[in-house]
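Read the structure below first, then the notes.
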There are 2 protein chains.
Amino acid sequence: MSESYKHKKVITIGTVSEITGLTERQIRYYEERKLIFPERSQRGTRKYSFHDIEQLMEIIEKIEEGVQTFEIRQEMLKKEKKRDERKIRDDMIRGQLNARFGIQQSP
Amino acid sequence: MSESYKHKKVITIGTVSEITGLTERQIRYYEERKLIFPERSQRGTRKYSFHDIEQLMEIIEKIEEGVQTFEIRQEMLKKEKKRDERKIRDDMIRGQLNARFGIQQSP
DNA sequence: CGTGTAAGGAATTCTGACACG
DNA sequence: CGTGTAAGGAATTCTGACACG
């Protein structure tokens, strides 16, 4: 509800380039390496979210540290996996509490 | 701090058109009538914020009700004036409290 | 590996103007 | 008044490729 703007894909690659300082070439390359996932508009142009931009900021730092895109991707997948596991676990706990006591937990 | 994305001018007119359903002609016209205030990118293209888009949604409703752009502008200015007055009054109260008691009020 | 660049085409955006009603 | 449209130019974006190291 809050933060709803953060993930809307509405920013063109030119604007992302302006904000991040990256060249369009770099931005497209990081997509090729599956570090960011812009959507496409009807006409086929890439659309990025504020979240994508923040993601790029982190990528810039890693690249400067000499980390390779492949490794950055590994780290991202690892974090995602942990998040998923946490979610499954929490959902399960909520489900059991609900089944036994009919309690509505706040998410 | 929160809501920081809402007012960043990063969306091109084409995207605004897609989201709102308005033609570019209409969007530019509402700017001419001083109902919205996009910024310009380095190259001179208009950039809108999520807030602008919400503003446009309200404008659409008013227009459909038969309200003229001039009147919509009047209403906007009136609301702005009230907000300003409230702010001045509150700032003054805060200032006096602070002067007499040195209390830090939360804004 | 990560990035630059030249290439050509397609789509975008801009302004000022004429039109209708 | 609010909106459509044709006009011409300038800037954007896209893809696939070659280059360097």
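Sequence lines set the chain letters: A, B, ... in the order given, protein chains first and strands last, and positions in each chain run from 1. Values below: every heavy atom of this structure, side chains too, minus hydrogens, waters and symmetry copies.
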Identify whether any heavy atom of B:R33 sits under 4.0 Å from a base atom; if not, whether one sits that close to sugar-phosphate; answer base, sugar-phosphate or nothing.
sugar-phosphate

Taking both distances under 3.5 Å as the test for a Watson-Crick or G-U pair, what stems of at least three pairs does DNA chain C have?
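Stems found: C:2-5 with D:17-20, C:17-20 with D:2-5.
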
So does A:K47 have more than 12 non-hydrogen atoms from other groups sitting under 6.0 Å from NZ?
yes

Which listed nucleotide ([options]) is nearest to the side chain of [X]?
| X | options | value |
| --- | --- | --- |
| B:R43 | D:dT3, D:dA11, D:dC14 | D:dA11 |
| A:R40 | D:dT15, C:dG2, D:dT13 | D:dT15 |
| B:T45 | C:dC14, D:dG2, D:dT13 | C:dC14 |

Shared hydrophobic cluster, [X] / [Y] (ILVMFWY, side-chain heavy atoms < 4.5 Å):
| X | Y | result |
| --- | --- | --- |
| B:F101 | B:M92 | no |
| B:V67 | B:L56 | yes |
| B:M76 | B:F70 | no |
| B:M57 | B:F50 | yes |

Measuring to OP1 and OP2 of [N], would you say a side-chain N or O of [X] lies under 4.0 angstrom away?
| X | N | answer |
| --- | --- | --- |
| B:Y29 | D:dT3 | no |
| A:Y30 | C:dG2 | no |
| B:R46 | C:dC14 | yes |
| B:T12 | C:dT12 | no |

Sort me out a list of protein N/O and nucleotides 4-8 of chain C N/O pairs below 3.5 Å, or just none if empty.
{"unit_1": "C:dG4", "atom_1": "OP2", "unit_2": "A:T23", "atom_2": "OG1", "d": "2.8"}
{"unit_1": "C:dG4", "atom_1": "N7", "unit_2": "A:R25", "atom_2": "NE", "d": "3.2"}
{"unit_1": "C:dG4", "atom_1": "O6", "unit_2": "A:R25", "atom_2": "NH2", "d": "3.0"}
{"unit_1": "C:dT5", "atom_1": "O4", "unit_2": "A:R25", "atom_2": "NE", "d": "3.3"}

Calculate the interatomic distance between A:I27 atom CD1 and D:dC14 atom C1'; express it in whole Å.
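A:I27 atom CD1 is separated from D:dC14 atom C1' by 14 Å.
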
Between C1' on C:dT3 and CD on A:E64, what's the gap in Å once rounded to a whole number?
14 Å

Just one of A:E31, A:E32, A:E24, A:Q26 clears the side chain to side chain donor-acceptor pair (under 3.5 Å) bar with A:R28, so which one?
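In the set A:E31, A:E32, A:E24, A:Q26, the residue that makes a side chain to side chain donor-acceptor pair (under 3.5 Å) with A:R28 is A:E24.
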
Using heavy-atom distances to pick each residue's nearest nucleotide on DNA chain C, tell me which of A:S41 and A:T69 is more 5'.
A:T69

Do B:D90 and B:K87 meet the salt-bridge criterion of a basic N to acidic O distance under 4.0 Å?
no

